[in-house]
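These values consider heavy atoms only, across backbone and side chains, with no hydrogens, waters or symmetry-generated copies. Remember, it's 1-based here, ligands and their atoms both numbered in the order they're listed. This is a predicted model, so every value here is computed, not measured.
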Amino acid sequence: MRQGVERVLISRAEIDSKVRELARALDREYAGKNLLIVGILKGAMIFMSDLARAMTIDVQFDFMAVSSYGSSSKSTGVVRIQKDLDQNIQGRHVLVVEDIVDTGLTLNYLLEILKAREPASVRICTLLDKPSRREVEVPVDFNGFAIPDEFAVGYGLDYNEMYRNLPEIYVLKREVDTY
Ligand code: 5GP
């Protein structure tokens, strides 16, 4: 096991089967619609690429990057857009793909911004959800795994830009974690 991680939280097999299950649900939900998947960089990158390839309907990609935790793993509620969408989403069906919903502050803010651009619909798909940490209500339409209040890394999720390429989801060691 990589230094700094404590134990596997979600295995590769569990991730694969959940990704297929979510893809089937999205295929049904968006059949016949022109779907734009918006990945939130960088954490959702790996999840989004697996999810999109497991889907059978036609989709288009776009990305946003927002500032989140930085080096200390605390949510500030102040969200800054570092990279905006390339496309106009007015009248489009938009699916925001996120790695994890924690306090909900990031997505709450993003949803406001996206809704103001008048898409036909905007929904959220997240790989992980920490419901016990929620500070603002956000409508999570498609959720992979609800997890306890622990700091998760791997499969796209980082700590100080590390661990994103781990194929499974791990719990960060307490002595590393500043959470
Ligand atoms: P929120 O605004 O919901 O508190 O935070 C969302 C963002 O915080 C996520 O997109 C992610 O970047 C970061 N985050 C929250 N919890 C975790 C965690 O357990 N592990 C990692 N790596 N990032 C987290």
J.: Would E135 count as a contact residue for ligand 1, given that I'm defining contact as a non-hydrogen atom of the residue lying under 4.0 Å from a ligand atom?
T.: no

J.: For R134 and D129: C-alpha separation, side-chain torsions, deciding distance, then whether salt bridge (Lys or Arg N to Asp or Glu O under 4.0 Å) applies.
T.: CA-CA 9 Å; R134 201 72 94 250; D129 184 11; 2.8 Å; yes

J.: Taking the non-hydrogen atoms of Y159, is any one of them nearer than 4.0 angstrom to ligand 1?
T.: no

J.: Near T106, which atoms of ligand 1 are under 4.0 Å from a heavy atom of that residue?
T.: 1 (P), 2 (O), 5 (O), 6 (C)

J.: Could you list which atoms of ligand 1 come closer than 4.0 Å to a heavy atom of E98?
T.: 10 (O)

J.: Check R133 with E150, please: is the shortest side-chain N to carboxylate O separation under 4.0 Å?
T.: no

J.: Say whether F151, considering both its backbone and side-chain N or O atoms, lies within less than 3.5 Å of an N or O atom on ligand 1.
T.: no

J.: Tell me the contacting part of K130 for ligand 1: side chain, backbone, both, or neither, using a 4.0 Å heavy-atom threshold, strictly below.
T.: side chain

J.: Could you tell me whether ligand 1 has any atom less than 4.0 Å away from a heavy atom of E150?
T.: yes

J.: Could you name the option among L41, I100, L9, D158 that has the heavy atom nearest to atom 24 (C) of ligand 1?
T.: I100

J.: Can you sort out the partners of D50 under salt bridge (charged side-chain N to carboxylate O under 4.0 Å, His left out), two or more places apart, ordered by chain and number?
T.: R12, R53

J.: Check each atom of ligand 1 against the heavy atoms of L105 and keep those under 4.0 Å away; list them by number with element.
T.: 2 (O), 3 (O)

J.: With no hydrogens and no angle check, do the side chains of N165 and R2 hold a donor and an acceptor under 3.5 Å apart?
T.: yes

J.: Taking the basic N atoms (NZ, or NE/NH1/NH2) and the acidic carboxylate oxygens, is any pair closer than 4.0 Å for R117 and D84?
T.: yes

J.: With nothing but distance in play, are any N or O atoms of G104 less than 3.5 Å from an N or O of ligand 1?
T.: yes

J.: List the atom of P167, the atom of Y155, and the distance in Å for their closest heavy-atom pair.
T.: O-CD1, 3.9 Å

J.: Determine, step by step, whether E161 and R164 satisfy the salt bridge (Lys or Arg N to Asp or Glu O under 4.0 Å) criterion, reporting the C-alpha distance in whole Å, the side-chain angles of both residues, the deciding distance to 0.1 Å, and the verdict.
T.: CA-CA 7 Å; E161 293 303 326; R164 290 197 198 275; 3.0 Å; yes

J.: When you compare the side chains of S132 and D149, does any donor N or O come within less than 3.5 Å of an acceptor on the partner?
T.: no

J.: Just to be sure I read this right, does ligand 1 sit under 4.0 Å from the backbone of L107, its side chain, both, or neither, counting only heavy atoms?
T.: neither

